[in-house]
Amino acid sequence: MEARLNLFENPVAARFVRQLTAANKVLAESTLPAATQELVKLRASQINGCGFCVDMHAKDALHAGETATRLSLVAAWREATVFTDAERAALELAEQGTRIADAAGGVTDEAWQNAAKHYDEEQLGALVSVIALINAFNRGNVMIRQPAGSYQPGQFA
């Protein structure tokens, strides 16, 4: 399987991806825990059906010390006992932020208030930004049918 478009060889797409990557570096330097960021990226990617990003973020999380058990339960986080209350709030915000079109009101006040109980203003800003950014990456990869499975941790560092 080959992608419909090579994002790294197309001049416009390559510049755009570099900007998205720079935004991701800003988020990596935030106080939002790296593990939370990876869980959120993984969950949004699962919802969006982005195999490339599911592969990437599962492997990056494992490489960073995340457990296989927690990663395998991200899709079923509501029924899992392995996530903290803060992580659960972030996953809920990620789901609602990813499924905006499915809900007339977008993200509920309840989901926002729950996240705000666990994260300060800087972290909330990072969390919203992580969710928006991974959704942008997912949409691009799904549109071009970026193949999954060959990603190596740190490949784009």
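Every value quoted in this text rests on a predicted model; they were computed, and no experiment measured them.
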When you group the ILVMFWY residues by side-chain heavy-atom contacts below 4.5 Å and let the links chain together, are [Y] and [X] in the same group?
{"X": "Val12", "Y": "Phe8", "answer": "no"}
{"X": "Ile100", "Y": "Val130", "answer": "no"}
{"X": "Phe156", "Y": "Val17", "answer": "yes"}
{"X": "Met1", "Y": "Val142", "answer": "no"}

Describe, in one word, how the ring planes of Phe52 and Tyr151 are oriented to each other, choosing from parallel (under 30°), tilted (30 to 60°) and perpendicular (over 60°). perpendicular
May I ask you to decide if [Y]'s main-chain N or O and [X]'s side chain share a donor-acceptor pair within less than 3.5 Å?
{"X": "Asn135", "Y": "Ile131", "answer": "yes"}
{"X": "Lys59", "Y": "Gly149", "answer": "yes"}
{"X": "Gln96", "Y": "Ala111", "answer": "no"}
{"X": "Arg88", "Y": "Arg78", "answer": "yes"}

What closest approach, in Å, do [X] and [Y] show between heavy atoms, and which atom pair accounts for it?
{"X": "Ala3", "Y": "Gln146", "answer": "CB-OE1, 3.7 Å"}
{"X": "Ala23", "Y": "Leu133", "answer": "C-CD2, 4.1 Å"}
{"X": "Val40", "Y": "Ala94", "answer": "CG1-CB, 3.7 Å"}
{"X": "Ala28", "Y": "Gln37", "answer": "N-OE1, 4.1 Å"}
{"X": "Ala44", "Y": "Ile134", "answer": "CB-CG2, 3.6 Å"}
{"X": "Cys53", "Y": "Asn141", "answer": "SG-ND2, 3.4 Å"}

What is the distance from atom [atom1] of [X] to atom [atom2] of [Y], rounded to the nearest 0.5 Å?
{"X": "Glu2", "Y": "Ile144", "atom1": "CD", "atom2": "CD1", "result": "11.5 Å"}
{"X": "Tyr119", "Y": "Leu32", "atom1": "OH", "atom2": "CG", "result": "6.0 Å"}
{"X": "Ile47", "Y": "Arg99", "atom1": "CD1", "atom2": "CZ", "result": "4.0 Å"}
{"X": "Cys50", "Y": "Asp55", "atom1": "SG", "atom2": "CG", "result": "10.0 Å"}
{"X": "Leu7", "Y": "Arg15", "atom1": "CG", "atom2": "CZ", "result": "13.5 Å"}
{"X": "Thr98", "Y": "Asn138", "atom1": "OG1", "atom2": "CG", "result": "7.5 Å"}

Paired with Gln123, the side-chain contact (heavy atoms from CB on, under 4.5 Å) test is passed by just one of Thr31, Thr36, Val128, namely Thr31
| message | Is it the case that over 12 heavy atoms from other parts of the model lie below 6.0 angstrom from the CZ atom of Arg139? | response | yes
Quiz item: Taking everything shown except Gln155 itself, do over 12 heavy atoms lie less than 6.0 Å from its CD?
Solution: yes
Apart from Val26 itself, its cluster of hydrophobic side chains linked below 4.5 Å comprises none
Using a 4.5 Å side-chain heavy-atom cut-off and chaining through intermediate ILVMFWY residues, the residues clustered with Leu71 come out as Leu39, Leu42, Val54, Leu62, Leu73, Val74, Trp77, Val82, Phe83, Leu91
Salt bridge (charged side-chain N to carboxylate O under 4.0 Å, His left out) test vs Arg43 passes for just one of Glu87, Glu92, Glu95, namely Glu95
Requested in this report: Decide yes or no for Ser45 and Met56: does some side-chain heavy atom of the first lie under 4.5 Å from some side-chain heavy atom of the second?
Outcome: no
The side chain to side chain donor-acceptor pair (under 3.5 Å) partner of Glu38 among His63, His57, Arg70 is His57
